[in-house]
Amino acid sequence: MAGALATTGYFLLPASSLAARVCYNVIGLAAAVAILVGVRLYRPQRPGMWYWFAAGQILSVLGDITYDYYLYGLGRVPYPSTADAFYLAAYPFRIMGLLLLPRLRRRDRAGHLIDAAIAVIGLGMVPWTFILHPSAADPSTAALARVISTVYPVADLLLLGILAWLFTNPRSRTPSNRLLNAAAATLLAADTSYSVLTSYFHADPFVLDGVYVASTLLWAAAALHPSMTADPAVMRDLRPEHSAARLCAPAACSLLGPALLLTPYAGANTVDRTAIACGSIVLILLTIARMALILTSLKSKSRDLERLALHDEMTGLPNRRRFEQALRAALADGPARVAFLGLNGFKNVNDELGRPIGDRVLCSLAQRLARAVPQGALLARIGGDEFAVLLPGESRGHLGTVATHLAAQLREPVHLGGHDVLVGVGIGLAEGDSDQPMELLRRAEAAMYAAKHAGQTYRRWEPAIDEQSAGHAQLGAEMRNGLDAGQFRLVYQPIVAVPEQRVVAVEALVRWDHPQRGMVSPARFVPVAEQNGLIIELGTWILRTACRQMAKWRAELGGRAPDKVSVNVSARQLDRPGFAATVADTLAETGLPPHCLAVEVTETAVFEGGQAVATLHELRGLGVQVALDDFGTGHSSLGLLQTVPVDILKVDKSFVDNITEAGRHSVIAETLIRISAAFGIVAVAEGVETAEQAVALHQLGYRLLQGYHFGRPVTEPDFDRGHTGDAGAGRRAPSASAA
Ligand code: C2E
Ligand code: CA
Ligand code: CA
């Protein structure tokens, strides 16, 4: 409001009257206030630039007031004067405001300031030499005046240049930025005219006041336009720091000095020569400083690059490349030891809880490992869920202790976002002084797979591990052919109810009649099939064959047929989301009621939760029963009963083996039958080989038994034994052959 009044007043009043000057100063102050009002009004994200502008504007008004004091108070304005000190002081504020705006690192900011200084000095020499030619004034006395007359337009040019440089992105060409550019351009025009007028023509500079007012008003308008909130820093940060233009511009400016010395104008007097020579020296020094800065920046960039190349971005741990480097160096000094850690079931965590949680789990485990590795050891992330530790000075015995300790760290659940995430680990150990770091790492990895395979916490590498995996590869290839050639078949082992001896169920077990190898045990080929994925196809075939056979028995034997068939299902099958659908299709296809089928899964397969447990719930939903196989040998048997839907517990053979011996041997078997009773789950004792074992188990409360004593797995079990009326399991359980 005051600004508008003052502007009207200023243009109506006589140009050089005191009243017009007062109006002029009010306009200046109002512009400073307008800038602050703009900031309050629109709240830009980075208001810094506008505060610097406002400060510059206030300094400029102070200059005007001082000028007027000279003019109307003393009747004479010296040039240069204190007023010029204020005017000139305004520029650094405006320029700093722009330079400090982008989010630059301190080193880069210093670089920009040096560039600006080079530009000011280099460009300043041109008007100094040509426009403000010494003939216009007495060279010795007017030197300071010439410097100042030169600095104004150069500083304006710089301001304009920085504005253009900041707002090159089309998105940043907002009305506010256009107004700013117009303000700076107007100021440049005014200052250049002013310098020329005062140096050459000694004309009345008041004629230029209108132009200055226009610039001030444009500046205020830029602050008051809503588009002033646009953040130019965002655009700036995208530009390459050492682009050719950025390097060439200061270099070209610094060459201006020496080039000017060669022109005839510069030779006119000593003051000019000295000034240009001094300027050139300063330019060279600044250029050297700039180069030094660029060098430091490049060095730190290459350090960053090296760090990035040798570290894992997510966990911050050294990566595989770094590990191999360190391993090579360690092997050069003597034998080295490597522990290779592979997480179990980490894929489930990602599938079930999502990548972000999975990543955080990995980071948290990485931190645990970092705290747990012995001093002097190098921990690295080798791949997705694989870590390796280089243990340079550990003794052989110690290696196992370290592995056990690391595994214990990983076994603790990770609490994240309301989830308790559990992951297991398999660790492979390898040591040697081979000159092949890759070989040592490979051995440790092979040992890790062997450990996982055997369900061990850790395993040391030995030549047998390689032979084994070579054998596995061979077996895997032959299995493919065997599947196509129909070399697989199923046998069925009875599960018997005591004391009545009725075969209430059968467990389907797969057999491979290999043309050369003879009968291959499933204990050998099932793990291989699990590894190479053939278990999916094989498992589907097993399921269909077992269901078809069971349906056939029901049709042919009627009441003498067993109640159900139990089919072993491996972890890899359960992990597939489509498994329950496959089961449903198979039941439909074979016409077998769901309650006639049970699936046997191991504790390890469902220990990690995830899709495997979801699949079990789906199967339960179909009406199929779930049996937990080898119960008591796996992870945390009791906890599982609360989280996994279970109908049948299969108590492992190891608890049956020595049940007839005196002492604590029967305690576990006894505890397990109590637990199953408490959970309302049916218990089956596996691997019953003798009548004594059968009697002891019956006395403990077991009603369902399975083992060679009752029958080996065969193609057609004898289902009639229980119908003979022999109820002697309690005293004199008959053998399979006797039945
Ligand atoms: P499992 O599921 O625990 O099967 C029981 C194993 O113990 C069978 O060995 C069976 O023949 C054996 N067995 C039964 N009673 C006795 C006994 O009184 N004494 C002794 N010493 N052993 C007895 P098998 O058939 O060699 O199977 C070994 C393992 O292979 C099975 O253990 C199971 O984990 C796996 N397997 C067998 N068939 C299949 C299948 O169709 N699918 C899948 N995924 N795995 C299978
Ligand atoms: Ca089984
Ligand atoms: Ca079993």
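One-based numbering along the sequence shown. Counting starts at 1 for both ligands and their atoms, following the listed order.
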Could you tell me whether [atom] has at least one protein heavy atom nearer than 4.0 Å?
atom                    : answer
atom 13 (N) of ligand 1 : yes
atom 6 (C) of ligand 1  : no
atom 21 (N) of ligand 1 : yes
atom 32 (O) of ligand 1 : no

Using distance alone, with no hydrogens and no angle criterion, decide if [X] and [Y] have a side-chain donor and acceptor under 3.5 Å apart.
X      : Y      : answer
Arg703 : His698 : yes
Thr582 : Asp585 : no
Thr660 : Gln693 : no

Using the ring of Tyr708 (Phe, Tyr or Trp, six-membered ring only), decide whether Arg712 places NZ or CZ under 6.0 Å from its centre and within 45 degrees of its axis.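 Cation-pi check for Arg712 and Tyr708: passes.
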How wide is the angle at the Ca ion (ligand 2) between OD1 of Asn568 and OE2 of Glu507, to the nearest 10°? 90°
Heavy atom of [X], distance to ligand 1 below 4.0 Å:
X      : result
Glu507 : yes
Gly539 : no
Lys653 : yes
Arg511 : yes

Of all N, O or S atoms in Asp629, the one closest to the Ca ion (ligand 3) is OD1
How far is [atom] from its nearest protein heavy atom, and which residue and atom name does that atom have?
atom                    : value
atom 18 (O) of ligand 1 : Tyr708 N, 2.7 Å
atom 19 (N) of ligand 1 : Glu689 OE2, 2.6 Å
atom 39 (C) of ligand 1 : Val510 CG1, 3.7 Å
atom 30 (O) of ligand 1 : Pro522 CB, 3.7 Å
atom 41 (O) of ligand 1 : Ile542 CD1, 3.3 Å
atom 11 (O) of ligand 1 : Pro713 CG, 3.4 Å

Part of [X] within contact of ligand 1 (heavy atoms, under 4.0 Å):
X      : value
Val688 : backbone
Gln493 : side chain
Glu686 : side chain

Quick check: does any side chain N or O of [X] sit under 3.5 Å from a backbone N or O of [Y], one acting as donor and the other as acceptor?
X      : Y      : answer
Gln493 : Gly711 : yes
Thr615 : Gln611 : yes
Glu537 : Leu534 : no
Arg368 : Gln409 : yes

Between ligand 1 and Leu490, is the shortest N or O to N or O distance under 3.5 Å? no
Would you say Gln573 has any N or O atom under 3.5 Å from an N or O of ligand 1, going by distance alone?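 For ligand 1, there is no N or O atom that lies under 3.5 Å from one belonging to Gln573.
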With ring centroids as reference points, do [X] and [Y] lie under 6.0 angstrom apart?
X      : Y      : answer
His453 : His472 : yes
Tyr492 : Trp553 : yes
Phe525 : Phe488 : yes

Could you check whether any side-chain heavy atom of Glu412 comes within less than 4.5 Å of a side-chain heavy atom of Asp420, counting everything from C-beta outward? no
The Ca ion (ligand 2) to Glu600: any N/O/S contact under 3.0 Å? yes
Do any of the N, O or S atoms of Asp630 sit under 3.0 Å from the Ca ion (ligand 2)? no
Who gets closest to atom 1 (P) of ligand 1 by heavy atom: Asp629, Val601, Val526?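 Residue with the shortest heavy-atom distance to the ligand atom: Asp629.
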Between Asp630, Leu509, Asn568, flag the one that comes closest to atom 44 (N) of ligand 1 by a heavy atom. Asn568
Rounded to the nearest 0.5 Å, how far does CG of Leu341 lie from CZ of Arg381?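 Taking CZ in Arg381 and CG in Leu341, the distance rounds to 13.5 Å.
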May I ask you to decide whether Lys650 forms a salt bridge with Asp630, counting only side-chain N to carboxylate O separations under 4.0 Å?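 Looking at Lys650 and Asp630, the cut-off is not met.
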If you take all heavy atoms of Ala683 and Leu704, which pair is closest and at what distance? O-CB, 3.6 Å
Counting backbone and side chain alike, does Asp652 bring an N/O/S atom below 3.0 Å of the Ca ion (ligand 3)?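 Within the cut-off used here (under 3.0 Å), Asp652 places no N, O or S atom near the Ca ion (ligand 3).
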